[in-house]
Amino acid sequence: LLITGPYAVNGVPLRRVNQRMCISTSANADLKGATCDVTDTYFTKEKAKKDKKGESMFAAGADKKGISDDKKAGQKKMDDSVVKALAPDMKAYLKARFSLSANMYPHELKF
């Protein structure tokens with residue numbers, strides 16, 4: 001599944017998630033104006049060069065790689081169309097933290 005928070009609302013970026021890790025709810029959002037141009041290449045990582053043995057283990061100047069500008073632009077484009085479609089009460093629902101406590105079972109809850 002392809003999910004998004006959206007990032008502007010609750011900080012969840014575009015991600016691929018296994019269906020088993022999701023809980024379905026009865027909440028609906030009308031996303032007719034949203035466009036999604038995401039393919040598998042969006043989620044591929046660059047292959048790092050392997051250095052000779054022992055040279056890069058304690059490298060002082062290890063390069064930190066952030067999120068590419070393409071991914072940031074894609075996230076912003078997706079968020080703009082999704083946030084416009086959300087009602088204020090839905091935004092509050094998405095911002096709320098979800099947690100289960102003792103004797104609460106997700107299959108018995110009504111969302």
- [ ] Indicate, with yes or no, if V17 and L31 share a hydrophobic cluster defined by side-chain heavy-atom contacts under 4.5 Å among Ile, Leu, Val, Met, Phe, Trp and Tyr.
- [x] no
Task: Residue list, side-chain hydrogen bond (donor to acceptor under 3.5 Å, both in side chains) with R15, at least two apart or on another chain - done: none
Anything under 3.5 Å between a donor and an acceptor, one on a side chain of residues 83-109, the other on a protein residue two or more places apart or in another chain? List them.
none

Open item on the list: Enumerate the ring pair (Phe, Tyr, Trp, His ring centres under 6.0 Å) contacts for residues 9-41, please, sequence neighbours excluded, ordered by first and then second residue.
Closed with: none
TODO: Output every pair passing ring pair (Phe, Tyr, Trp, His ring centres under 6.0 Å) with a member in residues 8-34, not counting sequence neighbours, ordered by first then second residue.
DONE: none
Tabulate below the donor-acceptor pairs under 3.5 Å that side-chain atoms of residues 18-25 make, not counting sequence neighbours, or state none.
unit_1: N18; atom_1: OD1; unit_2: R20; atom_2: N; d: 3.2
unit_1: T25; atom_1: OG1; unit_2: A27; atom_2: N; d: 3.4

Task: ring pair (Phe, Tyr, Trp, His ring centres under 6.0 Å) partners of residues 5-37, not counting sequence neighbours, each pair once - done: none
Open item on the list: Working to the nearest 0.5 angstrom, can you tell me the gap between T4 OG1 and D79 CG?
Closed with: 5.0 Å
- [ ] Go through the structure and list residues passing salt bridge (charged side-chain N to carboxylate O under 4.0 Å, His left out) with D40, not counting sequence neighbours.
- [x] R16
Open item on the list: Enumerate the salt bridge (charged side-chain N to carboxylate O under 4.0 Å, His left out) contacts for residues 23-38, please, sequence neighbours excluded, ordered by first and then second residue.
Closed with: D37-K77
- [ ] Just jot down the side-chain hydrogen bond (donor to acceptor under 3.5 Å, both in side chains) partners of K76, sequence neighbours excluded, or say none.
- [x] none
TODO: Over all heavy atoms of both residues, which pair between F43 and V38 is shortest? Give the atoms and the distance, please.
DONE: CE1-CG1, 3.5 Å
Open item on the list: Holding to side-chain hydrogen bond (donor to acceptor under 3.5 Å, both in side chains), I want the full list of residues that pass it with S26, two or more places apart in sequence or in another chain.
Closed with: none
Task: Closest non-hydrogen atom pair, K71 against T44 - done: NZ-O, 4.4 Å
Open item on the list: For V12, give me all partners under side chain to side chain contact (heavy atoms under 4.5 Å, CB included), at least two apart in sequence or on another chain.
Closed with: I3, N10
TODO: Measure across G11 and P13 and return the closest heavy-atom pair with its distance rounded to 0.1 Å.
DONE: O-CD, 3.4 Å
